[in-house]
Amino acid sequence: MEFVFHITDYSDPALDAETAELLCRRLETRSREVMPAMWKVTDRLEAWATPTVKGRRRRYALQGAALIALGIFALVPGLMEPRVPSLILTGSLSILAGLLTIYGAKVKSPPEPPASCRREVAKLLAGLRAVDWSQASAEVRFDETGLSVSAGESREAVPYGDMTWIFETERLWLLVYSGEKVLLLQRKDLASGEAGEFLPCLQEKIRENHSSYKGEPT
């Protein structure tokens with residue numbers, strides 16, 4: 001196995017949100033390691049209180065349909081002579097609420113990353129964006145022995161035994177190693193190796209060296 005990255009600039013604005021997502025996932029994973037009993041209870045409560053996406057949409061659709069039906073039930077008599085303004089208003093509002101409820105089942109905004117994550121993201125990306133990567137000639141290589149990073153005269157080697165977690169988004173991978181060090185790699189910088197094979201290969205190598213590793217919590 002061999003994966004080679006030639007590091008380029010981190011100027012893409014989309015990296016801010018994805019890096020925040022990665023750091024939040026890392027914080028949750030670390031918290032689960034330290035307090036497994038608390039997370040076990042939390043997961044059970046969330047499973048009980050939070051329906052699945054499919055279940056939530058079905059519930060909202062039923063609630064919306066009920067509100068629309070009630071709205072029509074009030075609106076039709078209100079429009080008949082003699083007209084009753086209160087019934088017209090009540091029926092119209094009920095129909096509007098029903099339509100918004102059904103629409104709300106389809107649109108769900110992702111939660112905002114906590115302030116601590118946003119600060120860490122700003123610090124991490126500011127450091128990466130301050131480097132002129134066109135001059136740094138930085139290369140990151142994964143092979144059977146581990147990870148090697150070279151930039152100019154600088155060299156660093158990290159065995160798989162020092163790696164603890166790997167996380168992925170659409171554009172990025174975040175590797176955690178040697179305690180709390182992180183390496184942020186862009187998919188566009190992968191010069192050798194298949195992108196679809198990188199995460200499974202790294203997870204397998206980490207699993208071989210850490211029997212407790214099970215991948216990301218779901």
Side-chain angles (χ1 to χ4, degrees), residues 1-34 113-218:
M1 105 177 201
E2 184 174 78
F3 298 93
V4 180
F5 293 81
H6 294 158
I7 307 303
T8 60
D9 66 86
Y10 290 78
S11 58
D12 188 348
L15 299 185
D16 295 72
E18 290 196 21
T19 305
E21 178 187 342
L22 288 167
L23 289 182
C24 286
R25 282 153 60 180
R26 167 58 188 149
L27 289 174
E28 179 182 335
T29 302
R30 178 59 179 159
S31 176
R32 286 176 180 273
E33 289 177 333
V34 175
S116 58
C117 274
R118 294 198 298 273
R119 285 195 298 269
E120 290 301 316
V121 167
K123 187 190 305 182
L124 175 60
L125 289 179
L128 292 172
R129 287 166 175 167
V131 177
D132 184 357
W133 294 103
S134 64
Q135 301 297 320
S137 299
E139 179 184 274
V140 176
R141 182 182 298 269
F142 295 84
D143 56 26
E144 291 297 333
T145 62
L147 155 71
S148 62
V149 181
S150 61
E153 299 299 319
S154 175
R155 297 288 189 276
E156 181 181 12
V158 181
Y160 288 110
D162 286 354
M163 302 178 197
T164 50
W165 292 94
I166 176 77
F167 304 90
E168 180 184 52
T169 58
E170 180 183 352
R171 297 173 180 82
L172 297 169
W173 289 287
L174 180 74
L175 177 66
V176 184
Y177 68 99
S178 300
E180 291 302 315
K181 290 185 178 180
V182 297
L183 180 63
L184 192 65
L185 298 169
Q186 300 183 82
R187 190 178 293 262
K188 72 181 178 70
D189 291 344
L190 182 61
S192 177
E194 294 295 327
E197 297 176 1
F198 181 66
L199 181 68
C201 284
L202 262 290
Q203 287 179 326
E204 183 59 30
K205 289 294 185 182
I206 295 173
R207 189 177 290 109
E208 289 174 0
N209 289 274
H210 300 275
S211 57
S212 61
Y213 180 81
K214 298 179 180 178
E216 284 195 70
T218 56

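This structure is a prediction, so every number in the text was calculated from the model and none was measured. When a residue number appears, it is its place in the shown sequence, counting from 1.
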query: Looking at Glu120 and Lys123, does any basic side-chain N land under 4.0 Å from a carboxylate oxygen?
result: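 So Glu120 pairs with Lys123 through a salt bridge.
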- prompt: Is any side-chain N of the basic residue among Arg129 and Asp16 closer than 4.0 Å to the acidic one's carboxylate O?
  reply: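 Yes, this pair counts.
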task: For Asp162, enumerate each residue passing the salt bridge (charged side-chain N to carboxylate O under 4.0 Å, His left out) test, keeping only those at least two apart in sequence or located in another chain.
output: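 Expected list: none.
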Hey, does the side chain of [X] reach the backbone of [Y] with a donor-acceptor pair shorter than 3.5 angstrom?
{"X": "Arg187", "Y": "Glu170", "value": "yes"}
{"X": "Tyr177", "Y": "Leu147", "value": "no"}
{"X": "Trp133", "Y": "Leu128", "value": "yes"}
{"X": "Glu18", "Y": "Arg171", "value": "yes"}

What distance do [X] atom [atom1] and [Y] atom [atom2] have between them, rounded to the nearest 0.5 Å?
{"X": "Leu190", "Y": "Lys188", "atom1": "CG", "atom2": "NZ", "answer": "12.0 Å"}
{"X": "Leu174", "Y": "Arg25", "atom1": "CG", "atom2": "CZ", "answer": "9.0 Å"}
{"X": "Leu15", "Y": "Asp9", "atom1": "CG", "atom2": "CG", "answer": "9.0 Å"}
{"X": "Glu28", "Y": "Phe167", "atom1": "CD", "atom2": "CZ", "answer": "9.0 Å"}
{"X": "Thr164", "Y": "Asn209", "atom1": "OG1", "atom2": "CG", "answer": "11.5 Å"}
{"X": "Ser148", "Y": "Arg141", "atom1": "OG", "atom2": "CZ", "answer": "6.5 Å"}

For [X] and [Y], which heavy atoms make the closest approach, and how far apart are they?
{"X": "Arg26", "Y": "Gly179", "result": "NH2-O, 4.4 Å"}
{"X": "Val158", "Y": "Ser178", "result": "CG1-OG, 4.4 Å"}
{"X": "His6", "Y": "Val4", "result": "NE2-CG1, 3.8 Å"}
{"X": "Val131", "Y": "Ala136", "result": "CG1-CB, 4.4 Å"}
{"X": "Met1", "Y": "Cys201", "result": "SD-CB, 4.1 Å"}

Side chains of [X] and [Y]: does their closest heavy-atom pair fall under 4.5 Å?
{"X": "Leu184", "Y": "Leu22", "value": "yes"}
{"X": "Ile166", "Y": "Glu168", "value": "no"}
{"X": "Thr8", "Y": "Gln186", "value": "yes"}
{"X": "Leu185", "Y": "Ile7", "value": "yes"}

Glu2 atom CD, over 12 foreign heavy atoms within 6.0 Å: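 Check passes, neighbour count above 12.
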message: Show every ring-ring contact (aromatic ring centres under 6.0 Å, His included) that has at least one partner inside residues 178-209, sequence neighbours left out.
response: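 Sorted pair list: Phe3-Phe198, Phe5-Phe198, Phe142-Phe198, Trp173-Phe198.
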